[in-house]
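Here's the structure, in structure tokens; my notes come after.
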There are 4 protein chains.
Amino acid sequence: MTSTRPLRADAARNRDLLLAAAESEFAERGASASVADIARRAGVAKGTVFRHFASKEDLIASIVCKHITALTGIARRLSDATDPGAALLEFLTAAADQRQRHDLTFLQSASESDPRVTQVRDELHAALGTLVDRAHRAGALRSDVTETDVFLLMCAPVHVVENLAAPAPLLWQRYLAIIFDGLRPDGAHPLPQPAPTLP
Amino acid sequence: MTSTRPLRADAARNRDLLLAAAESEFAERGASASVADIARRAGVAKGTVFRHFASKEDLIASIVCKHITALTGIARRLSDATDPGAALLEFLTAAADQRQRHDLTFLQSASESDPRVTQVRDELHAALGTLVDRAHRAGALRSDVTETDVFLLMCAPVHVVENLAAPAPLLWQRYLAIIFDGLRPDGAHPLPQPAPTLP
Amino acid sequence: MTSTRPLRADAARNRDLLLAAAESEFAERGASASVADIARRAGVAKGTVFRHFASKEDLIASIVCKHITALTGIARRLSDATDPGAALLEFLTAAADQRQRHDLTFLQSASESDPRVTQVRDELHAALGTLVDRAHRAGALRSDVTETDVFLLMCAPVHVVENLAAPAPLLWQRYLAIIFDGLRPDGAHPLPQPAPTLP
Amino acid sequence: MTSTRPLRADAARNRDLLLAAAESEFAERGASASVADIARRAGVAKGTVFRHFASKEDLIASIVCKHITALTGIARRLSDATDPGAALLEFLTAAADQRQRHDLTFLQSASESDPRVTQVRDELHAALGTLVDRAHRAGALRSDVTETDVFLLMCAPVHVVENLAAPAPLLWQRYLAIIFDGLRPDGAHPLPQPAPTLP
DNA sequence: CATGAATGAGTCTTCATTCAT
DNA sequence: GATGAATGAAGACTCATTCAT
């Protein structure tokens, strides 16, 4: 299903319905949402899920790809903003906002090994690298912090909030602000461990 | 199983074996680790799991309780340290360290409704409240963050690191340092959302 | 499964195989017959049982419904017979005969709470009521006996016989004759307790 | 456990506690009442059950024996009553009453193969035979019914009533009266099947 | 292409029974 | 004798996946 063969119109529509249904179902029920429920929500038969996605894992990977790709688009659009510091904050805000609307963290690990995911992830790393570089040069980011650091911290604000039963919808902004303060150059204390490098 | 009935020596040993095995298994496979695998790892029969824990949920709750209680102990021990700021950092370090060794976040939601968990969690809130108060009075903490903020941020450093396939064992210290910098009074920017209150 | 969705030919066949297998299995082993055994006897996989019946209870209720409905049909067919007394005896004979071939009494209690069962049971009460009324008017039934009495006594002849290890196939007719003699007007002694009323 | 070795006082007491507890538990929960519940109700440990009874089946057989033996006692006591017809009715009343208080029918089949049960059952047959003979000679019983007929019909009145959700406590007397009317000589119609003989 | 019936491995849980304490 | 911890074979039920229609 990785191939780029053109789909018949109705098939393409079913694929989109399924992706949307799966997203909602995963967001509500976690990774253990059942294929049957997803199919029902999409209004198609169970068999159709497997015509479009080789396995449940594949479906998950597709969703994750879609979201990562969206983030990459945002990062690229911000790569020539006039205020690089504000641009980075805006990216992190957009990332958290997207994650807030569809809780999909847990899905990442599930699809870690999928080559499509690694590919789009690398693209996101590249795009985010540009933002981070520019922020560094503008002095908006503490110098001992790398693109990977920012990448890893990206999902933290929403994660923090998820430990609450009924968090205010925008509460994550509070924790993004705190973490972003920790990323600023002023008042930065030396970091105890070296930055990680990607494999 | 909260009752204070004294356990026979061999039974107590099995209970501990089970808790340890369950911890490892949950850490490796997530909350969907099977009771059968846990039993095998502990070297006992499946039925023995249910002799010690009324259900899988009960087992999870027991583990979570154990860990929360340990944290409460740490917080209490630090409540009269001479340097309140250092004490708070030490607590967060200990918390992250514990969580790093047994990834159990996901279990929290699973046992949210268990009264034993809510009880020990409240106790942790109280103990952490003392640490935060003292840090505030010592000027070691920005004035606009609350105990609940610190509580929620507690697990973030390890969570951040979990998105990496093979993180360096102490890498979380790096993100704890960044987040803690964000909690310091110097260079703090105003927070966009009010602090959450617990139910 | 009461819905009127048309079943695919093979599915309908499996459903019937399952009902038949379940009937036999329950008759032989009682209500504790296992779903696995039923599936094996029907020549299908365990999962198929649950595709057709939401639960074991649902399966039981379906069987009970089927049998009660068959009885209702018999009662209705007899409701305009020329000899009301003979018609009632014929109904009781048919009822005992059916029950003899599939011992399902014990299942009744198991499915008491199912609304489908209560519904068809009410219909049977109504149909039997007609038979009893006509028998009363024809003087073929002692006057102090009600429809509910007849309903309750319906299964007694077969039950009586079940205490025997290897009863003659038609032995129940002997006890139906005795009980029916007890229901006749001649030689009737007054009854010590009032007739029960249905809820 | 069939042996007649004298038990230590406390052991004998435990045995009685267990029998009583088992009776209640079976009456409430049916044959699937668990050994654990029975032990708890008796206030002893699970292991003790198996010290007194070789198996759950053996426990059931013991209860059934106890009840059958009690009935035999009643039958013997009535064997020289002045009115043989009244004596037979009284026996059937006592039998139904006992069965009403402890629903144990289902247990019979469970213990059919136990030699102790067959033995006491034979004794009951003998004692009941005397009552039936005398009733025949007194002209209180239709001539075409045998001791085995009466034996088999013995439990019917209570069984009939069990199909009701909440029967009046003495409702079974109504059906015993009807059945007994069927056993009287007056108005008896010929029986369609020969009387069964015991193996 | 889409359907949904069938599969069967796998899940949690229960329980009669055994045996070391 | 009594205890209760341990066992392991079932049991009901779920679900990703396959395939005939």
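Order of the sequence lines sets the chain letters (A, B, ...), proteins ahead of strands, with each chain counted from 1. On a predicted model such as this, the values are computed, not experimentally measured, just so you know.
Between B:K66 and B:D16, none of the side-chain N atoms (NZ, or NE/NH1/NH2) sits under 4.0 Å from a carboxylate O, so this pair counts as no salt bridge.
Residue C:S34 is in sugar-phosphate contact alone, with no base atom involved, counting any heavy-atom pair closer than 4.0 Å across all strands shown.
In this entry the distance linking CZ of A:F53 with C1' of E:dA2 reads 15 Å, nearest Å. Computed from coordinates, the D:D37 CG to E:dT17 C1' distance equals 16 Å when rounded to whole Å. Atom pair B:I38:CD1 and F:dA6:P shows a separation of 16 Å (rounding to whole Å applied). Per the geometry, CZ belonging to A:F50 stands 9 Å off C1' belonging to F:dC15, to the nearest Å.
Contact between the side-chain N/O atoms of A:H52 and the OP1/OP2 oxygens of E:dC1 is not found at any separation under 4.0 Å. Side-chain N/O atoms of B:T48 include none lying less than 4.0 angstrom from OP1 or OP2 on F:dA5. Side-chain N/O atoms of D:N14 include none lying less than 4.0 angstrom from OP1 or OP2 on F:dG1.
Remark: B:R13 engages B:L17 in a side-chain contact (heavy atoms from CB on, under 4.5 Å) (not counting sequence neighbours). In terms of the salt bridge (Lys or Arg N to Asp or Glu O under 4.0 Å) criterion, residue partners of D:D37 (sequence neighbours excluded) are, by chain and number, D:R29, D:R40.
Between B:K56 and C:G47, the one whose closest nucleotide on DNA chain E sits nearer the 5' end is C:G47. If you find the closest nucleotide of DNA chain E to B:A33 and to C:A45, the one lying nearer the 5' end belongs to C:A45.
B:E23 has its side chain within reach of B:H67: a pair of non-hydrogen atoms, C-beta onward, lies under 4.5 Å apart.
Considering only the side chain of A:V35, F:dA16 comes nearest among E:dT13, E:dT17, F:dA16. Which of E:dT7, E:dC12, E:dT17 sits closest to the side chain of C:V44 comes down to E:dT7.
Stem analysis of DNA chain F (at least three stacked-register Watson-Crick or G-U pairs, each with both distances under 3.5 Å) gives E:2-21 with F:2-21.
Between the side chain of C:K46 and the base of E:dT7 there is no donor-acceptor pair of N/O atoms closer than 3.5 Å.
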